[in-house]
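Worksheet: the structure to be examined is printed underneath.
Start at 1 with the first residue, then count along the sequence. What's counted below: heavy atoms across the whole structure, side chains too, no hydrogens, waters or symmetry copies.
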Amino acid sequence: MSSHAPATMVDAHTLILHETGFEVSELSLDDIDDYVELVASAYRGEPSKQGWTTEADLLSGQRLDADMAREMLAEPDASMILVRSAEGQAVGSVYLREPVEGIAYLGVLAVSPVGQGQGVGSALMNLAEAWVAERWNAHSLQMSVINKRTELIAYYERRGYERTGEVEPFPYGDDRFGVPLVDDLEFVVLVKPLS
């Protein structure tokens with residue numbers, strides 16, 4: 001245990017991950033290949049079916065590619081957090097965008113099947129919420145979840161996220177985000193007030 005108290009909640013949540021064997025950093029260009037592999041393992045293909053966050057029954061193809069990841073990393077109003085195991089394997093990540101009218105955005109929360117069940121997802125969510133509140137003065141955090149991911153939506157609702165009643169269209173026809181295997185996909189918008 002550390003001999004002094006963390007200065008911020010971001011520091012506290014980073015320390016919790018560190019003390020359970022994980023390292024936290026902001027994603028860099030050197031991390032892109034690991035990041036793309038991590039996101040694929042969490043969402044698509046056979047490896048993702050080992051975890052509960054898979055979209056493999058809803059979408060085939062890629063979740064994102066290296067060019068898309070580099071574009072996300074280059075956004076001036078965004079940060080990407082990466083969690084690695086003690087062995088250096090990328091096991092978790094989250095994309096955060098600075099607030100508009102006090103509402104920050106969380107996207108591409110990914111925890112590999114290897115990291116699931118070890119508290120990485122919850123710890124990463126806690127870190128993300130603290131990050132946007134402390135570093136960007138956000139009063140709320142918003143996300144979009146595919147409407148057919150009822151188990152995932154329920155998880156976020158247990159964490160204090162509420163449905164806004166808004167929906168966003170799924171980008172049908174843009175295979176960069178995957179090939180839909182079912183009809184009627186759309187995104188449910190969820191928001192959590194941060195105190």
Side-chain angles (χ1 to χ4, degrees), residues 6-18 22-36 38-39 42-43 53 62-84 90-111 115 120-147 149 152-153 155-171 174 176-177 186-195:
T8 67
M9 290 306 295
V10 169
D11 293 339
H13 292 301
T14 299
L15 182 62
I16 289 168
L17 279 160
H18 177 74
F22 299 98
E23 293 302 321
V24 177
S25 64
E26 284 192 67
L27 195 100
S28 72
L29 283 172
D30 292 339
D31 299 314
I32 292 292
D33 290 341
D34 288 347
Y35 173 68
V36 171
L38 164 66
V39 172
Y43 290 106
T53 61
Q62 70 180 22
R63 176 65 172 77
L64 57 77
D65 61 26
D67 288 338
M68 294 166 70
R70 280 190 283 273
E71 288 173 16
M72 292 164 62
L73 186 60
E75 292 175 14
D77 62 345
S79 290
M80 297 166 72
I81 301 169
L82 183 66
V83 177
R84 289 186 180 275
V91 295
S93 65
V94 66
Y95 165 90
L96 300 169
R97 195 167 55 233
E98 291 181 11
V100 174
E101 297 180 1
I103 304 172
Y105 181 79
L106 180 151
V108 199
L109 175 67
V111 179
V120 174
S122 293
L124 192 51
M125 287 291 298
N126 292 338
L127 176 59
E129 291 166 4
W131 185 285
V132 301
E134 290 179 354
R135 297 197 176 183
W136 296 336
N137 296 314
H139 61 67
S140 301
L141 187 55
Q142 177 178 308
M143 66 175 69
S144 304
V145 182
I146 293 176
N147 60 327
R149 305 286 315 280
L152 190 57
I153 292 169
Y155 167 77
Y156 290 130
E157 288 175 330
R158 288 191 302 273
R159 287 193 56 92
Y161 288 82
E162 300 173 355
R163 296 174 196 236
T164 65
E166 297 174 61
V167 294
E168 299 170 347
F170 184 84
D174 189 344
R176 295 178 309 148
F177 300 101
E186 58 187 5
F187 294 100
V188 175
V189 179
L190 304 171
V191 173
K192 178 178 181 176
L194 305 172
S195 49

With [X] via side-chain hydrogen bond (donor to acceptor under 3.5 Å, both in side chains) - residues at least two apart:
X	answer
His18	Glu23
Tyr161	Glu129
Arg163	Glu157
Ser25	none

Residues in side-chain contact (heavy atoms from CB on, under 4.5 Å) contact with [X], at least two apart in sequence or another chain:
X	result
Glu162	none
Asp77	Glu75, Arg97, Glu98
Ala128	Val94, Leu96, Leu106
Glu101	none

Throw together a table of side-chain donor-acceptor distances under 3.5 angstrom for residues 6-14, partners on residues two or more places apart or in other chains.
| residue | atom | partner | partner atom | Å |
| --- | --- | --- | --- | --- |
| Thr8 | OG1 | Val10 | N | 3.4 |
| Thr8 | OG1 | Asp11 | N | 3.0 |
| Thr8 | OG1 | Asp11 | OD2 | 3.2 |
| Thr8 | OG1 | Glu134 | OE1 | 3.4 |
| Thr14 | OG1 | Val10 | O | 2.8 |

Practice item. Take Val167 and Asn147, measure what side-chain contact (heavy atoms from CB on, under 4.5 Å) needs, and give me the verdict at the end. Key: CA-CA 9 Å; Val167 294; Asn147 60 327; over 6 Å; no
Point to revise | Steps toward side-chain contact (heavy atoms from CB on, under 4.5 Å) verdict (Phe187, Ile146) | key: CA-CA 4 Å; Phe187 294 100; Ile146 293 176; 3.5 Å; yes
Rounded at 0.5 Å granularity, tell me how far [atom1] in [X] sits from [atom2] in [Y].
X	Y	atom1	atom2	answer
Met68	Tyr35	CE	OH	9.5 Å
Leu194	Asn137	CG	CG	11.0 Å
Tyr95	Leu73	OH	CG	10.5 Å
Leu127	Trp131	CG	CH2	7.0 Å

Point to revise | Non-neighbouring partners of Phe22 that pass ring pair (Phe, Tyr, Trp, His ring centres under 6.0 Å), sequence neighbours left out | key: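 Applying ring pair (Phe, Tyr, Trp, His ring centres under 6.0 Å) to Phe22 gives none.
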Review point. Mind checking whether Phe170 and Ser144 have side chains closer than 4.5 Å, heavy atoms only?
Key: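 The answer is no; the side chains never approach within 4.5 Å.
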Exercise for review: State which residues pass salt bridge (charged side-chain N to carboxylate O under 4.0 Å, His left out) with Arg135; sequence neighbours excluded, sorted by chain then number.
Suggested key: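 None.
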Check your understanding: Of all heavy-atom pairs between Gly121 and Tyr155, which one has the smallest distance, and what is that distance?
Key ->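 Looking at all heavy atoms of both residues, the closest pair is C-OH, 4.2 Å.
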Practice item. Kindly determine whether Met72 and Leu27 satisfy side-chain contact (heavy atoms from CB on, under 4.5 Å), including the steps that lead there. Key: CA-CA 10 Å; Met72 292 164 62; Leu27 195 100; over 6 Å; no
